[in-house]
2 protein chains.
Amino acid sequence: MVTMKEIAHRTGVSVSTVSLVMNHRDEGRVKPAIAAHVREVADELGYQVNPMASSLRTNRTRTIGFISEEVATTPYAGGMILGAQTAASKLGYLLITVSTDGGMDEDDEIDALKRYGADGFLYAKMSNRVTDVPARLKDCPVVLVDATGRDGTTPSIEPDEFRIAYDATTRLVEAGCERIAYIGCSEPMLAQEGRLAGYRTALEAAGRKFNERLVVDVLNNGPALEAVSDLFDWERPDGFFCFNDARAWYVYECAARRGLVIGRDVSVVGVDNHRVFAETLSPRLTTVELPHFEMGYWAAAKVVSMIEKRPLDDLDVPDTRAPLPPLDAPVPAKVHCTLIEKESVRAAG
Amino acid sequence: MVTMKEIAHRTGVSVSTVSLVMNHRDEGRVKPAIAAHVREVADELGYQVNPMASSLRTNRTRTIGFISEEVATTPYAGGMILGAQTAASKLGYLLITVSTDGGMDEDDEIDALKRYGADGFLYAKMSNRVTDVPARLKDCPVVLVDATGRDGTTPSIEPDEFRIAYDATTRLVEAGCERIAYIGCSEPMLAQEGRLAGYRTALEAAGRKFNERLVVDVLNNGPALEAVSDLFDWERPDGFFCFNDARAWYVYECAARRGLVIGRDVSVVGVDNHRVFAETLSPRLTTVELPHFEMGYWAAAKVVSMIEKRPLDDLDVPDTRAPLPPLDAPVPAKVHCTLIEKESVRAAG
DNA sequence: CTGAAAGCGCTAACAT
DNA sequence: ATGTTAGCGCTTTCAG
């Protein structure tokens with residue numbers, strides 16, 4: 001391992017000078033020629049800072065902890081983690097992911113993260129929920145991902161559920177569907193409330209009236225298929241907005257059994273059909289992809305801005321907003337999802 | 001943060017003594033009474049070692065790096081990571097995961113891991129492939145996960161593909177299926193070869209003869225559905241062994257369109273139907289679950305044994321082998337997958 | 001059996 | 001503008 005000491009030795013300056021240069025804290029403190037030489041030798045030797053050693057003095061490790069209890073049980077975690085890691089990496093941080101599903105104890109894992117000196121934390125859910133920040137994270141920089149804090153005390157990022165449903169439903173309207181159904185989720189979730197409202201509002205904006213009988217809220221189980229089946233038989237919808245991929249599947253199954261072809265006889269807009277699934281289905285499906293990557297990305301950038309106490313705008317975060325693509329977009333069209341970024345209500349740390 | 005210095009102060013001994021005790025290196029070096037007292041005070045104060053500080057002297061961080069390029073694009077990574085993290089955590093290590101899909105450069109990510117002093121590495125694929133170990137990992141402890149090294153130089157763990165297919169096919173035979181099809185994968189993969197062989201051998205062991213026309217190797221795309229559809233019409237199979245969940249889906253779709261009920265008219269054994277998917281489908285499906293968790297678990301334990309240069313048996317690793325459950329197991333039956341653990345051909349480090 | 005002292009690689013006051 | 005010094009928390013000889 002090549003150390004500052006070695007560079008100091010080779011360049012004939014002291015370690016402190018090398019330290020200044022390597023941390024870009026020269027600028028009027030070290031003669032430019034010297035600084036350049038130091039940098040050159042460092043490059044040549046392939047010098048890399050030892051984050052352990054510097055953390056000992058600075059109490060900063062340039063690591064951020066990512067905590068989620070659903071890494072193993074949902075296919076969406078990967079995208080979020082990748083987004084967070086991408087931003088972290090770009091900003092010179094390392095993301096350390098711990099999942100607390102299975103037998104893992106959340107507090108233990110958080111302790112491990114703290115022991116290793118994480119500078120900040122991402123606390124992630126895999127579907128928008130009101131969430132309490134764990135007690136031991138109370139006075140650390142924390143950002144919630146795909147979740148919203150109970151008290152408005154913690155910054156968060158979450159999908160604009162209302163707009164997802166509004167856009168999806170509008171799309172079905174514009175595609176000429178007359179009887180648009182919503183296959184929702186019967187568990188209480190922010191996503192469900194927001195989407196039902198968006199569906200309803202879009203219908204009304206299009207001059208349709210909301211029909212309760214076209215709304216079926218189901219769980220992910222056997223009776224769900226019957227419920228959707230009944231909907232097919234009794235209401236004969238020609239368009240479906242589906243809460244998620246599992247719900248969309250009930251529609252495919254029912255359609256297949258009746259000889260109906262999706263894209264011809266009925267239209268379906270689903271949310272977040274996962275890739276494995278979508279590869280098979282996508283030719284006949286319009287999807288709203290929840291921007292897990294983007295949420296992770298933003299959250300990581302945000303927590304870095306909190307750690308370094310500088311405005312988020314100084315960091316390079318792409319804008320994830322994009323307009324709804326036109327209806328004649330190639331199939332499978334992707335309806336882009338907008339995001340809601342919440343600043344902490346109190347000072348963001 | 002509570003330090004050794006503080007404990008030393010409170011107990012009236014020196015830091016070195018505290019160090020000995022905390023590292024369980026007392027035993028004939030520190031008087032038992034003193035040791036006990038030190039431990040007591042440490043507990044009371046909630047002392048935690050500072051891994052940064054000790055790494056400075058020992059060049060050990062008790063972290064292991066997990067590298068994969070498919071974290072975001074497959075739903076299976078989560079289980080593997082969770083397994084690895086569980087074992088790591090149990091053994092007092094922290095798992096640091098980096099994914100190299102998306103725009104991430106693998107070498108950069110490995111460098112980051114090395115900079116942070118990872119003691120060993122897990123290099124994971126999400127489906128069994130012959131794999132080269134990255135150059136910069138050459139002289140570090142490395143274990144391959146769901147992959148096999150090109151030269152037998154690196155320990156690895158991978159599913160027993162032959163037996164997966166053998167067991168699945170046998171199960172279909174025992175369930176009374178007469179015409180058992182294999183919906184395979186047309187890409188060259190170890191998994192495909194092994195499974196085709198297992199399918200064939202199981203048929204022959206049951207006194208059936210292998211019929212090429214019952215084998216359909218497909219990609220994950222449009223033509224696949226037609227190929228399976230043709231198989232239904234021309235060969236009228238009553239049992240299906242499917243390479244993975246996407247392939248199984250073609251069978252469901254074809255069956256639904258023909259009014260055939262799975263579990264009554266046709267039997268299906270799939271591999272690795274992911275949970276999101278399985279929640280909807282599982283009542284009618286027998287699955288072979290690839291033991292991603294167990295692979296991750298074993299691999300992490302293995303790499304720790306390499307790092308600490310002590311035999312794997314000293315560590316607490318559960319045996320993941322289990323017998324095939326009986327055919328009258330409640331549906332969905334899970335066919336357990338056996339694993340192949342490969343030691344390095346040369347000395348294991 | 002226990003403590004003093006040195007040093008891991010780095011940063012940050014403080015001198016020059 | 002650069003070097004000296006001290007010390008972060010811990011491990012590890014080496015003396016006693």
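As the structure is a prediction and not an experimental result, all values here were calculated from the model.
- Annotation: side chain of A/Met52 is not in contact with side chain of A/Tyr116 (no heavy-atom distance under 4.5 Å).
- Considering only side-chain atoms of A/Lys5, the nucleotide from C/dT11, C/dC8, D/dC8 that sits closest is C/dC8.
- For the pair A/Tyr47 and C/dG9, the criterion of a side-chain N or O lying under 4.0 Å from OP1 or OP2 is not met.
- An OP1 or OP2 oxygen of C/dC8 is reached within less than 4.0 angstrom by no side-chain nitrogen or oxygen of A/Asn50.
- Comparing D/dT11, D/dA1, C/dT2 by their closest approach to the side chain of B/Ser19 singles out D/dT11.
- At whole-Å resolution of the value, OH in A/Tyr116 and P in D/dG9 are 17 Å apart.
- Between A/Asn59 and D/dC8, a side-chain N or O to OP1/OP2 separation shorter than 4.0 Å is absent.
- Both B/Val30 and A/Met4 sit near DNA chain C, but only B/Val30 has its closest nucleotide nearer the 5' end.
- Put simply, the side chain of A/Arg57 and the base of C/dG9 share no donor and acceptor less than 3.5 Å apart.
- Taking atom CE on A/Met52 and atom P on D/dG9, their separation rounds to 16 Å, with Å as the unit.
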- Task: Could you walk me through whether B/Glu106 and B/Glu109 pass side-chain contact (heavy atoms from CB on, under 4.5 Å), step by step?
- Result: CA-CA 5 Å; B/Glu106 181 172 272; B/Glu109 296 302 316; 5.9 Å; no
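- Each of D/dT4, D/dG9, D/dT11 was ranked by its minimum atom distance to the side chain of A/Ser14; first place goes to D/dT4.
- Nearest to the side chain of A/Ser16, among D/dG3, D/dT2, C/dT11, sits D/dG3.
- Distance CZ (B/Arg29) to C1' (D/dT11): 11 Å, rounded to an integer number of Å.
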